[in-house]
Amino acid sequence: MLPDTNLTKRTIKILIPLAALIAVMCLCAFIGTEKISLKKVLEGPAQIAGDNIDYEILIGVRIPRIILAALIGIALATAGAVLQAVLRNPLAEPYILGISSGAGLGVITAILSGLSFSFWAGSTITLFAFAGSIFTVWLVWLIGYFAGRFHVTTLLLAGVVVNAFFSAVIMFLTSIAKSRQLRATILWLMGNITEKSADVLWFSGISILAGVFCLFTLAHKLNALSLGDNEAKGLGVNTTKTKMAAFALTAFITAVAVSLSGLIGFVGLIVPHAVRLIVGPDHRQLLPISALTGAIFLVIADTIARSIFGQEQLPVGVITAIAGGPFFLILLAKYSRKISWVK
Amino acid sequence: MNNIINVKKLSFTFSNQNEILKDLDFAVEKGDFLAIAGPNGAGKTTLLNLLCAVLKPKAGSIEIDAKPIQAYSAKALAQKIAVVRQEFIPVFDFSVEQVVSMGRSPYLGAFGLENENDKELVRDALNATDTTKFAERSLANLSAGERQRVFIARAIAQDTPVLLLDEPTSFLDLKHQVKIYDLLKKMQNEKNKTIISVTHDINLAAQYCENVLLIAADAGYLYGSTKQVFSTQKIEQFFSVKTYVHKIGSENIFIPLGLLAKDRDRIDSQAEKDL
């Protein structure tokens, strides 16, 4: 046996999904309602704007959107994997700490109060969504902290209660909203990726990748934490500090993702699960591979969402839910059969 | 001074309850095998949690290697003391090797990658505990005794001078109880580890340990060699139960007999004989 076979195996396991992601992104750039010819794209930008439409669509519209989808996929899948470890609950997902309802409340407030206008790096909707989700996470922490000093159960319960309450407020506000405002809100709640400016892309890209990178450095501590607090302490993990860091970072990257695209369900739940079934629960592999797989999944889902019905675009959240549900069931069936065979 | 653990005037109370531990004084020598015994609720596991800094003392002090326990970071303390709690099945499907590798986490850098030395210690720990043959298997598919050995392997991979165990044999059959204690004794003899085991099994403790800390339900305690502590009178007083006592070699064995036990009358006749 070579001394570094483990490391080589690990590297290969990460390189395969990375190569797959790049291939999927390239392929999806050429799929869409407008046919794009590679030959025309390679001619480069035309002298007069609008002469080489193929190039402009690819560079100006499709590639930024694909990168955006990949970033959101990375954020949601990583956040899901981390929260499942910290909360020691395989059903945890990025929205469990109240991020979804908080962001939803922020957005609906922006739309209803007529504050939804655009400025340099996007719209007030983005800003309100971000503020709403961060505020709610902080509120959930506060309740969780005072009720039980960061016990897993109290945090989960606090998240559920705050989510339920804010959802009720959202329902109340939608029921009194005018129908024109309603469509924007509903599309947002369903999860909808749209084209964003280069500034937004840079800002969110750097934020998400930095957050994900910091989470990668917690990977081996998450292994210990998923055995429980006392076990982790015995293995030299400062549990309070690690949990705080994990929650803060997942809240941040999820809030950025949510403010970009609304609530895209299933990615954060399914992707880490599927990856865990294939590569095992070691977070040093699980986190990077989940991130890449999440990106692949969302790029494909968004490509379907924008091209399946011609000009009429579907919210991507619909695709992830429709594809994700059955996929999850298949995995679950296969997984439980595997267990019963071994026993 | 060869004491690796020094406990002075240690007291502990859970909020709004009676004192569980009061003015506990004892020292553990390097390379010693200590049993902590006592009735349910006497505070054995509480003491174990104090010794690994999961709980903070209400009063008094604990010193590890002549340094107060509070002065250690979580990481530094995990390089001194490895804890084996009662075996369990983790939420996620970790393999035996992955769990044992976690023993190296107090030594890993930011990205948590093991070096050659870490891997060798993990291999050694698997070999020492006879768990290499199921290294690839999931913990869920092992028996309780095998799982307990895996957690001990993890503690050995942690490469600490002190091993702390919480009832390592409580769910095991006779053969596996003995196997665990043989393994611990081997670690003490071969690697000069200090071993502290919280246990209900005073007979096994008498056979394997040098010293005993007996804690009473009323916060009293007794510390000494197995021969001093495990006497009929003291066992019956601390556990408030009548026992049939027999001697093998130089150590006593105790068989508790209740009022309705078949051979209860033997205890009474034994008592008369002793008088």
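Owing to the predicted nature of the structure, the values given are computational and were not obtained by experimental measurement. Here is the naming used below: chain letters follow the sequence lines, and residue numbers restart at 1 for every chain.
Closest of all the heavy-atom pairs between Ala92(A) and Gln84(A) is O-NE2, 3.0 Å.
Heavy atoms from other residues, nucleotides or ligands lying under 6.0 Å from NZ of Lys193(B) number more than 12. Within 6.0 Å of atom CZ in Phe88(B), more than 12 heavy atoms from other residues, nucleotides or ligands are found, so the atom counts as buried in its surroundings.
Thr239(A) and Asp229(A) are not linked by any side-chain donor-acceptor pair at a separation below 3.5 angstrom, with hydrogens and angles left out of the test. Under 3.5 Å, the side chains of Ser197(B) and Thr199(B) contain no donor-acceptor pair of N or O atoms.
Contacts with chain A were tallied for Val83(B), Ile81(B), Leu108(B); Leu108(B) has the most, counting heavy-atom pairs under 4.5 Å. For the set Asn238(A), Leu227(A), Asp282(A), the count of heavy-atom pairs under 4.5 angstrom toward chain B peaks at Leu227(A). Ranked by heavy-atom pairs shorter than 4.5 Å toward chain B, the options Val237(A), Leu235(A), Thr217(A) are led by Leu235(A). Ranked by heavy-atom pairs under 4.5 Å with chain A, the list Gln158(B), Arg85(B), Lys75(B), Arg104(B) is led by Arg85(B).
When the heavy atoms of residues 52-60 of chain B are compared with those of chain A, the residues falling under 4.5 Å are Val54(B), listed by number. Heavy-atom proximity under 4.5 angstrom to chain A picks out nothing from residues 26-36 of chain B.
Contacts of Arg88(A) with chain B are made by both backbone and side-chain atoms, with heavy-atom separations under 4.5 Å. Neither the backbone nor the side chain of Leu164(B) comes within contact range of chain A, judged by heavy atoms closer than 4.5 Å. Contacts of Tyr72(B) with chain A are absent, with no heavy-atom separation under 4.5 Å from either backbone or side chain. For Tyr107(B), no part sits under 4.5 Å from any heavy atom of chain A, backbone or side chain. Heavy atoms of Arg137(B) lying under 4.5 Å from chain A are absent altogether.
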Residues Asp173(B), Lys175(B); criterion salt bridge (Lys or Arg N to Asp or Glu O under 4.0 Å); working and verdict: CA-CA 6 Å; Asp173(B) 62 36; Lys175(B) 173 186 155 195; over 6 Å; no
